[in-house]
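Structure first, then comments.
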There are 2 protein chains.
Amino acid sequence: MEKTRDQVRMIDVARRAKVGLVTVSRVLNEPGKVAEETRQRVLQAIQEIGYVPNLVAGSLASNRTHVIAAIVPTIGNPVFSETIDAMAQELRGEGYHLLLGNGGHSGREEEGLIAKFLARRPDGLFIHGGRHTPETCAMLRRSGIPIVESGDLRRPEPIDMVVSYSNFAAAEAMTTYLLERNYRRIGFVGRASKENDRSLERQRGFRAAFERLGLEVDPRWILETSLGYREGAEALVALRERTPGLEAVFFAGDVWAAGALYECLRRGWSVPTDIAIAGFDDHAVASQTVPTLTTVRVLRGEIGRRSARLILDRLNGGTVDEPIIDVGFEIIARESA
Amino acid sequence: MEKTRDQVRMIDVARRAKVGLVTVSRVLNEPGKVAEETRQRVLQAIQEIGYVPNLVAGSLASNRTHVIAAIVPTIGNPVFSETIDAMAQELRGEGYHLLLGNGGHSGREEEGLIAKFLARRPDGLFIHGGRHTPETCAMLRRSGIPIVESGDLRRPEPIDMVVSYSNFAAAEAMTTYLLERNYRRIGFVGRASKENDRSLERQRGFRAAFERLGLEVDPRWILETSLGYREGAEALVALRERTPGLEAVFFAGDVWAAGALYECLRRGWSVPTDIAIAGFDDHAVASQTVPTLTTVRVLRGEIGRRSARLILDRLNGGTVDEPIIDVGFEIIARESA
DNA sequence: CTGTTAGCGCGTTCAC
DNA sequence: GTGAACGCGCTAACAG
């Protein structure tokens, strides 16, 4: 392969502007420390020869990449993209960019990805969910960079910082809401709790609300499935079939709930009279469904913003006094329950 | 700020394994060229001292970052995340990672972002939509890296490669479908066509279908709004109010269509008898709505995969013989129209 | 405010 | 198959 280094370098700009190489560097990184006149000359030279700085070289020299790595379970899930979007926005303001990856579904996959990401020397790292292997934790700690974990507030041993809400508390609150409205036989639909800690927490919250009132949870009320509209519809039917007298279903995701509401329409089940439905996420559709969906609102954009701020503050030398941030949640009472 | 270079470097591994630095480098990059025994020794040393290669330094030396930059209008839009997800998947297989950014809504913003991204020396770039300023195009061309544009097949002057479907053809096909089913007074809901070329193309396709049959499009049938469930509901009502005898509405996005279907439920309008509804995207919800939604399917994951392949092939020295790929579309006929 | 000097950590020649 | 030298393009520290 031929070596083609036809790149315009900083030195070329310097020569053209008749200044030292360092001055060019300063114009780019610390504009305040350069005389206005020279600055203009340098900027013009940059324009004229179409110089594009090489951040790779800069990063090597300064030991700072201005890159934040972000790892989510699946990029495709809109729930995460909202967080990522807000984070990217916040970061860009300070010249940082986002290296994005999906952790996959096993700890091993995640470990591999993180190892490769760390090799790129990001200045910080955000990671949503996932169960980290001991090696992963060790790697992350050794890296020494600010790290924000998200997905759930309750992390046995946070690696560094945490920004999230409590899945347990949110699910418990919604379940309590349903119990207060005198629903007693309540179904619960979530993801496989063995594979997903957040699902487990939501299910635990569901059970806790019953326990507090001294009520029992019938095992038949719990159903685990993968996320989707059709899956929500199927779950509703399955639950009603195996649980005579079911009064309500709490879907730990609005997509399921919306699918279930369609099924009610198809079957002529009246909501909430025949069956009450509650969701989780306050997805954009929740306020539009027929009937409108009672759900739990989580500020996902806020998670992204706060995470970015935490990392940036640390990078800017600030001390983060509160390394665990609870962004909270809110019960949105609408028509369906 | 204190300088803490406590990093484990390649030379440390080399010393521990009692080999030269170059040998370590080879174990990492060209494992085949190292004797099995030495390789094992090196790998073990890497494990023992927890060495994480520094790709920043590697990139500078090799002039290859193994990073692909991806720019989409908004990360939050699920429509794009599907593409990005597939692309990331494909890229990771060959050791590439994704630098993600949203282009914002003006050509200037996009230009700024691209300039900053190029400074990171990505090996390739993917960009969805956007109207590039002349400066942007010049920058991109000068960069010399493989570039894939997406969003619409019809690009006046492609910078390099294009992977997409034709918004024009897709919209024309759906409109023709509706006309063939004997709907004549058809509304069209899309984004602001002045701000978004893809919207303009869809609207053009809509009009073209009428023209081919020698039919007129009443200006009152066209409505532009921002994307959302509620916006879809509102658009439907507005169109019916101002257009007596409206028989169908083609929503250039399933989210609008789904919102409109809810409105029909609320008002007791029967679909497709009172009003037929068609969408665009084949969003996951389309097969579940009541009634199910007739729509246009676009393979967004395919766009991501093909784009990645094109870039990778080029990077691997291959010649890309077909730099403009049409991934096509498909009319999915369901109950709503 | 500006220039000089010394690396950053690794890949890529070459010899051996 | 392995090691020594050199350089990638830029920034940090210091001096002037």
Side-chain angles (χ1 to χ4, degrees), chain A residues 1-42 45-46 49-67 95 118-121 123 143, chain B residues 1-42 45-46 49-66 95 116 118-121 123 143:
Chain A
M1 188 155 356
E2 202 190 340
K3 193 171 182 178
T4 36
R5 298 251 185 218
D6 52 352
Q7 229 182 102
V8 180
R9 288 155 313 163
M10 203 175 250
I11 188 75
D12 302 319
V13 177
R15 282 202 261 266
R16 181 162 191 119
K18 299 199 193 313
V19 295
L21 182 152
V22 193
T23 307
V24 179
S25 171
R26 285 210 187 90
V27 168
L28 263 27
N29 301 315
E30 311 157 287
K33 292 188 176 177
V34 177
E36 180 58 24
E37 194 196 348
T38 18
R39 221 192 57 184
Q40 288 306 331
R41 221 167 57 235
V42 169
I46 289 177
I49 59 180
Y51 169 66
V52 178
N54 186 330
L55 275 187
V56 177
S59 298
L60 181 59
S62 68
N63 204 23
R64 270 196 154 218
T65 54
H66 285 260
V67 163
L118 287 182
R120 296 193 183 278
R121 297 295 188 268
D123 289 341
S143 75
Chain B
M1 194 161 342
E2 202 189 342
K3 191 171 180 178
T4 36
R5 297 253 186 215
D6 52 354
Q7 226 182 104
V8 179
R9 287 156 313 164
M10 202 176 250
I11 188 76
D12 302 319
V13 177
R15 281 201 261 267
R16 181 163 189 119
K18 299 200 193 313
V19 296
L21 181 152
V22 191
T23 307
V24 180
S25 171
R26 286 215 186 86
V27 168
L28 262 29
N29 301 316
E30 311 157 285
K33 291 188 176 177
V34 177
E36 179 58 24
E37 194 196 351
T38 19
R39 221 191 58 186
Q40 287 308 328
R41 222 167 56 234
V42 170
I46 289 178
I49 59 180
Y51 169 66
V52 177
N54 186 330
L55 276 188
V56 178
S59 298
L60 181 60
S62 67
N63 205 22
R64 271 200 156 213
T65 55
H66 286 260
K116 284 184 181 163
L118 287 181
R120 297 193 183 278
R121 297 293 188 270
D123 290 341
S143 75

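Throughout, protein chains are lettered first and strands after them, A, B, ... in sequence-line order, and every chain is numbered starting at 1.
- Distances shorter than 4.0 Å separate none of the side-chain N or O atoms of B:Ser62 from OP1 or OP2 on D:dC8.
- Side-chain N/O atoms of B:Asn63 include none lying less than 4.0 angstrom from OP1 or OP2 on C:dG11.
- A straight line from CD1 of B:Ile49 to P of C:dG9 spans 14 Å, rounded to a whole angstrom.
- Closest to the side chain of B:Ser25, out of C:dT12, D:dT11, C:dG9, is C:dT12.
- Rounded to an integer number of Å, the gap from B:Met10 CE to C:dG11 C1' is 8 Å.
- The side chain of B:Thr23 approaches D:dG3 more closely than any other nucleotide in the set C:dT2, D:dG3, D:dC10.
- Comparing A:Val34 and B:Ser59 against DNA chain C, the residue whose closest nucleotide sits nearer the 5' end is A:Val34.
- You'll find that the side chain of B:Val22 is closest to D:dA4, out of C:dG9, C:dC1, D:dA4.
- Here the closest heavy-atom approach between residue A:Ala17 and residue A:Ala45 is recorded as CB-CB, 3.9 Å.
- Atoms CG (A:Asn29) and P (D:dA13) sit 14 Å apart, rounded to a whole Å.
- Residue B:Thr38 places at least one side-chain N or O closer than 4.0 Å to OP1 or OP2 of D:dT2.
- Regarding B:Glu30, its CD atom lies at a distance of 16 Å from the P atom of C:dC10, rounded to whole Å.
- Residue A:Leu21 is in base contact, counting any heavy-atom pair closer than 4.0 Å across all strands shown.
- A:Ile11 CD1 to A:Ser25 OG: the interatomic distance, rounded to the nearest 0.5 Å, is 12.0 Å.
- The two residues B:Leu118 and A:Val52 come nearest to each other via the heavy atoms C-CG1, 4.1 Å.
- Residue A:Val13 comes nearest to A:Ile49 through the heavy atom pair CG2-CD1, 3.7 Å, listed as atom of the first residue, atom of the second, then distance.
- Residue side chain A:Arg26 reaches the base of C:dG3 through a donor-acceptor N/O pair under 3.5 Å, judged by distance alone.
- Residue A:Tyr51 has its side chain nearest to D:dC10 when only C:dC10, D:dC10, D:dG9 are considered.
- Here D:dG7 is the nucleotide among D:dG7, C:dG3, D:dT11 with the atom lying nearest to any side-chain atom of B:Ala61.
- The nearest whole Å value for the distance from the CG atom in A:Leu28 to the P atom in D:dG9 is 16 Å.
- Residue B:Leu60 contributes atom CG, which lies 11 Å from atom P of C:dG11 at whole-angstrom precision.
- Considering only side-chain N and O atoms, B:Asn54 lies nowhere under 4.0 angstrom from the phosphate OP1 or OP2 of C:dC8.
- Spacing between atom NZ of A:Lys33 and atom C1' of C:dG3 amounts to 15 Å, rounded to whole angstrom units.
- Once rounded to the nearest 0.5 Å, the distance linking CZ of A:Arg16 with CD1 of A:Ile46 reads 12.0 Å.
- Atom CZ in B:Arg9 sits roughly 16 Å away from atom C1' in C:dG11 (whole-Å rounding).
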